[in-house]
Amino acid sequence: MVDKTTGIGPTSINNGLTSKPEKKETKGGAALNDQFMALFLAQIQSQDPTEPMKNSEMLGQLAQITTVEQLELFNKNSQLSILASMSQSNMQATTLQGSDVSFKTDSVYWSSKATDLNGEIDNQGTLHGPQEITITDQAGLTVKKIKVDEDENGLYKWHWDGKGDTGAMVKEGVYKITAHSIDSKAPSRVLARGIVQEIGFEPMTHAVLDGGGQFKIGDMFKTNSKSK
């Protein structure tokens, strides 16, 4: 007798148990779904004939299989969405090549080919008197201090030749550049600035400025006019 609600009856169940599904290679969600279906059919085969599985239980089992399929589809779509977003971000990053860009200096990668780095201390009319730039390595050790005075245009421009206080070139690695007022010790925002010569994507998307300093795209502060 066929149940009017589910359309499932002894004949349809027996057909499902005795029929041999077509063999085909499956991967990912399809393989997982096949495993659930195999367990479901095995459960029906081994059930007590005097106490067969209720329709509600059967529907619950089928609902679980459907849920697995939906989750696998959601995960696949999410992965595709992330890949599309990364691809779009990389495409946008390539448009920065040749642009005059300022970067935050919390993480500056100094390569063995780097020669120098330029920038300015962001002055919003709140800076007074000389400023001091401090360059530290990943261990937090100070490798260089640079005094910066305000020029006739009210700008605090700075230049680093890649050398430490000892006069020797620093080693390849990541450095942090900070600034503060010499008089008040108040911190100030320091920016590196240069023309983007190259965009790289390993190990993360980064820009290489003229002079060789490398910056994460996420640390970009602003784009500037070509006049420095």
Side-chain angles (χ1 to χ4, degrees), residues 89-228:
S89 297
N90 289 343
M91 287 292 291
Q92 291 175 343
T94 58
T95 64
L96 292 173
Q97 192 162 345
S99 300
D100 183 353
V101 182
S102 292
F103 288 89
K104 293 181 287 185
T105 56
D106 293 334
S107 178
V108 182
Y109 184 77
W110 190 263
S111 72
S112 59
K113 298 180 180 180
T115 57
D116 65 335
L117 186 63
N118 297 289
E120 58 187 305
I121 299 174
D122 191 28
N123 186 7
Q124 300 296 329
T126 59
L127 299 183
H128 302 285
Q131 306 291 309
E132 184 176 70
I133 283 180
T134 302
I135 302 173
T136 55
D137 60 17
Q138 281 186 296
L141 300 176
T142 298
V143 298
K144 182 74 174 181
K145 288 189 176 183
I146 304 172
K147 181 183 177 182
V148 184
D149 292 307
E150 183 178 7
D151 65 16
E152 64 276 9
N153 297 316
L155 302 176
Y156 287 83
K157 294 184 178 181
W158 59 271
H159 171 79
W160 182 37
D161 58 6
K163 296 180 180 179
D165 284 331
T166 62
M169 291 294 292
V170 298
K171 296 179 180 179
E172 181 173 356
V174 178
Y175 293 86
K176 183 177 182 179
I177 305 176
T178 57
H180 66 271
S181 168
I182 292 178
D183 297 328
S184 68
K185 304 302 180 184
S188 48
R189 180 163 53 196
V190 58
L191 301 172
R193 180 176 175 179
I195 305 299
V196 177
Q197 302 296 312
E198 179 184 339
I199 297 294
F201 301 103
E202 294 293 341
M204 63 183 66
T205 306
H206 62 274
V208 182
L209 300 186
D210 49 342
Q214 298 181 20
F215 297 83
K216 293 180 289 187
I217 290 297
D219 285 341
M220 185 176 73
F221 184 73
K222 63 178 180 178
T223 55
N224 311 289
S225 60
K226 287 295 178 87
S227 60
K228 283 182 154 184

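Owing to the predicted nature of the structure, the values given are computational and were not obtained by experimental measurement. By convention here, the first residue in the shown sequence is residue 1.
Residues Trp158 and Val148 share a closest heavy-atom pair of CB-CG2, 3.8 Å. The two residues Val196 and Leu96 come nearest to each other via the heavy atoms CB-O, 3.4 Å. Scanning both residues, Val174 and Ser107, for their nearest heavy atoms gives CG1-OG, 3.5 Å. Shortest non-hydrogen contact noted between Met169 and Lys163 is SD-CG, 3.5 Å. In this structure, Ala114 and Gly213 approach most closely via the heavy-atom pair CB-N, 4.3 Å.
The salt bridge (Lys or Arg N to Asp or Glu O under 4.0 Å) contacts involving residues 172-192 comprise Asp122-Arg189, where partners must be two or more places apart or lie in separate chains. For the salt bridge (Lys or Arg N to Asp or Glu O under 4.0 Å) condition, the pairs that include at least one residue of residues 109-120, sequence neighbours left out, are Glu120-Arg193. The stretch residues 146-156 participates, sequence neighbours left out, in these side chain to side chain donor-acceptor pair (under 3.5 Å) pairs: Glu150-Tyr156.
By the side chain to side chain donor-acceptor pair (under 3.5 Å) test, Ser188 pairs with Gln131, sequence neighbours left out. Residues forming a side-chain contact (heavy atoms from CB on, under 4.5 Å) with Ala168 (at least two apart in sequence, or on another chain): Thr166. Judged as a side chain to side chain donor-acceptor pair (under 3.5 Å), and not counting sequence neighbours, the contacts of Ser184 are Ser181. Applying the side chain to side chain donor-acceptor pair (under 3.5 Å) test to Gln214 and every residue at least two apart in sequence or in another chain returns nothing. Every residue meeting the ring pair (Phe, Tyr, Trp, His ring centres under 6.0 Å) condition with Trp110, not counting sequence neighbours, appears here in chain and number order: Trp160. Taking the side-chain contact (heavy atoms from CB on, under 4.5 Å) definition, one finds that Gln197 meets it with Ile195, Asp210, sequence neighbours left out. Residues passing the side chain to side chain donor-acceptor pair (under 3.5 Å) test with His128: none are found, sequence neighbours excluded. Partners of Glu132 under the salt bridge (charged side-chain N to carboxylate O under 4.0 Å, His left out) rule, at least two apart in sequence or in another chain, do not exist in this structure.
The side-chain heavy atoms of Ile121 and Ile133, taken from C-beta on, include a pair separated by under 4.5 Å. Contact check for Leu117 versus Ile177: side-chain heavy atoms found under the 4.5 Å cut-off. Side-chain contact check for Ile135 versus Ile146: some heavy-atom pair is nearer than 4.5 Å.
To the nearest 0.5 Å, atom NE2 of residue His180 and atom CD1 of residue Ile182 are 6.5 Å apart. To the nearest 0.5 Å, the span separating CG on Asn123 from CG on Leu155 amounts to 7.5 Å. Rounding to the nearest 0.5 Å places CZ of Phe103 at 5.0 Å from CD1 of Ile217. Once rounded to the nearest 0.5 Å, the distance linking CG of Asn118 with OG of Ser102 reads 11.0 Å.
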